[in-house]
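All remarks here apply to the structure that follows.
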Amino acid sequence: MYLLFSPFLFLPSSLFLKLNLKSLWIAQKLNWFLQVVGRSWRKPIRNSKRLRNRFEYQTINCTAFNIGRKCPITNSTTFMDDSDTDSQPPPTCPEYFRWIHEDLRPWSNTGITREMLERANRTAHFRLVILNGRVYMEKFHRAFQSRDVFSRWGILQLMRRYPGKLPDLELMFDCEDRPFIKTSEFSGPDAPSPPPLFKYCRDSDTLDIVFPDWSFWGWPEVNLPPWEPLLKSFKEANKWIKWSKREPYAYWKGNPYVSGMRMELLTCNVSKDQDWNARIYAQNWDREAAQKFKDSNLTKQCTHRYKIYIEGIGWSVSQKYILACDSPTLLVKPQFYDFFSRSLIPMEHYWPINQNDKCRSIKFAVDWGNSHEQKAQAIGKAGSRFIQHDLNMDYVYDYMFHLLSEYSKLLTFKPTLPPNARELCPEKIFCKVEGVAKSFITESMVKSPAERRPCTLLPPYDPPSILKSAKRKESTISKVETLERQYWYNNNKSKNSKD
């Protein structure tokens, strides 16, 4: 009884008896209501589905783990059904998710056999196995720097984000820059089916399965933080200098010594004889490391109106950082693509640069943008918006989830644990790394399961749609090249008339 909330109980009995039946009924109802309210104020909220299902993983205890070096049985392997997530329907996946179907199309009719998978270990750095919600790894050889470690860490975070949701599967993963599975070797009526090999990129002549790269969880060797906090930093950095106040040139900074194309880009730098509207800086990573990377903060490089993207040995992780700056990306025609870049549209998300005439193409792009400021800003904003929205970590994890789920459906064999495989869990990575790597691992750790289901995957493209999209891009690039030729024709004509 909550007398504090029942004023009628303190009335004199003589007066209370004089109340008519209606008044008594009202008094009883009010007394009941106030008692309920009183109880509700003293109880925890139990009707909030979001609060009821909110679960956070325990902090990793390396002291306890190092005693037995065995992966604990945690809630990350507990099945999470749809009732454990938010009742709201999930969003529709971004358009680039539809390329998942295309990347897996080579096995759509045959499926993936054990024999096909084993042929993929020729260049693979490790085999990954998921069985009953637990992860196992068979390591073949070490990858460059820590990219294999951070790739595996990303998969472990996917398991924490969607515990119990990933099906059993077995795959081979190669951490090199360039794709390996050549289409020409698996064409023709008597050709074998290609081996399924997961990579960071591919091109039109290869069949590798494209997977998000390691840098989404950090790249300690170059002091590159995980993508989620870095993306927030880019959003704030874009407010520091308005586009119109930025340097009216095209900016690039990187390692030019990894490819001939980048070495050619150096010739586009400003000199006493020529200004191609480009400001090119060669990055010396050894010197940067010695100076603790004080000049390598990517969010402080959004100071020019235009940013240049050019490939290195293969595709480059720098593309997403360049697009995030709110400045139009001058994209030198690439050979390779990663998992999201196939949905980038020329003159909507970036400005195409002719790879065979880089300097002149860059100068024209900058001159055009400086004389069409609103249109140039729109391209920069669209590219940045694509990165901020369609490439946030929620969608990166969803892409991984759908790719692995669709891949598992193609397996014609039951995944098994190889003799040399060892269980992989967050503790085995977290408790081993040190320094900057430890910081990035901590920062990119998934703290709790997702509050929503993975986004809804769109159906595959039909062949006419793919052809139409390719022709649209070619047509747009052709129009830009026509404008560029006209620009240089007029420029030369004007110069000759002065002579």
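In this text, all values refer to a predicted model and were calculated from it rather than measured experimentally.
In this structure, Arg152 satisfies the cation-pi test against Phe126, with its NZ or CZ atom closer than 6.0 Å to the six-membered ring centre and inside 45 degrees of the ring normal. The cationic atom of Arg360 (NZ for Lys, CZ for Arg) does not lie both less than 6.0 Å from the six-membered ring centre of Trp276 and within 45° of the ring axis. Lys165 forms no cation-pi arrangement with Phe401, by the criterion of a distance under 6.0 Å to the ring centre and an angle within 45° of the ring axis. Remark: Arg160 qualifies as a cation-pi partner of Tyr57 under the 6.0 Å distance and 45° angle criteria applied to the six-membered ring. Cation-pi check for Arg98 over Tyr461 is met; the charged atom lies under 6.0 angstrom from the ring centroid and within 45 degrees of its normal.
Not less than 6.0 angstrom separates the ring centroid of Phe140 from the ring centroid of His125. Aromatic pair Trp351/Trp368: ring centres closer than 6.0 Å. You'll find the ring centres of Tyr281 and Tyr251 inside the 6.0 Å limit. Here the two rings, on Phe339 and Tyr399, have centers that are under 6.0 Å apart. With ring centers used as reference points, Tyr321 lies 6.0 Å or more from Phe216. Tyr407 has its ring centre less than 6.0 Å from the ring centre of Phe198.
By the neighbour-count criterion of 12 heavy atoms within 6.0 Å, atom CZ of Arg114 is densely surrounded, having more than that number from other residues, nucleotides or ligands. Environment of CZ in Phe144: sparse, with no more than 12 heavy atoms of neighbouring residues, nucleotides or ligands closer than 6.0 Å. Remark: Tyr257 OH is loosely packed, at most 12 non-hydrogen atoms of other residues, nucleotides or ligands lying under 6.0 Å away. In Lys468, the NZ atom is not crowded: 12 or fewer heavy atoms of neighbouring residues, nucleotides or ligands sit closer than 6.0 Å. Applying the 6.0 Å contact sphere to NZ of Lys381 captures no more than 12 heavy atoms from other residues, nucleotides or ligands. Environment of CD in Gln388: crowded, with over 12 heavy atoms of neighbouring residues, nucleotides or ligands closer than 6.0 Å. Residue-environment remark: NZ (Lys235) stays at or below the threshold of 12 foreign heavy atoms within 6.0 Å. Summarising the local packing, NZ of Lys438 is surrounded by more than 12 heavy atoms from other residues, nucleotides or ligands at distances under 6.0 Å.
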* Kindly determine whether Trp214 and Trp219 satisfy ring pair (Phe, Tyr, Trp, His ring centres under 6.0 Å), including the steps that lead there. => CA-CA 7 Å; Trp214 73 95; Trp219 189 357; 5.2 Å; yes
* To do: Run the numbers on Asp462 and Ser465 for side chain to side chain donor-acceptor pair (under 3.5 Å), then give the verdict.
  => CA-CA 5 Å; Asp462 54 37; Ser465 296; 2.5 Å; yes
* Under the side chain to side chain donor-acceptor pair (under 3.5 Å) rule, what do Ser146 and Glu221 come out as? Steps first, then yes or no, please. => CA-CA 8 Å; Ser146 59; Glu221 288 83 4; 3.0 Å; yes
* For Phe150 and Phe440, run ring pair (Phe, Tyr, Trp, His ring centres under 6.0 Å): C-alpha distance rounded to whole Å, both residues' side-chain angles, the deciding distance at 0.1 Å, then the answer. => CA-CA 9 Å; Phe150 276 79; Phe440 290 171; 7.1 Å; no
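Side chain of Ser405 to main chain of His402: no donor-acceptor pair is present (N/O by atom type, distance under 3.5 Å, no hydrogens or angles). Panel note: side chain Arg262, backbone Ile310; a donor-acceptor pair is recorded below 3.5 Å. The backbone N or O of Lys199 lies less than 3.5 Å from no partner atom in the side chain of Asp174, so there is not a single donor-acceptor pair. In this structure, Arg453 contributes its side chain and Pro89 its backbone to no donor-acceptor pair below 3.5 Å. With hydrogens and angles ignored, the 3.5 Å screen pairs a side-chain donor or acceptor of Asp208 with a backbone N or O of Phe180. Checking side-chain atoms of Ser343 against main-chain N and O of Phe340 turns up no donor-acceptor pair under 3.5 Å. Between the side chain of His349 and the backbone N or O of Pro328 there is no donor-acceptor pair closer than 3.5 Å. Between the Thr329 side chain and the Lys307 main chain, no donor and acceptor come within less than 3.5 Å of each other.
Residues Pro194 and Trp107 form a side-chain contact, since some pair of their non-hydrogen atoms from C-beta on lies under 4.5 Å apart. Taking the side chain as every heavy atom from C-beta outward, Ser444 and Glu228 never approach each other to under 4.5 Å.
Ring orientation note: the planes of Tyr395 and Phe97 are nearly perpendicular, at an angle over 60° on the 30°/60° scale. By the 30° and 60° cut-offs, the orientation of the rings of Phe173 relative to Phe211 is perpendicular.
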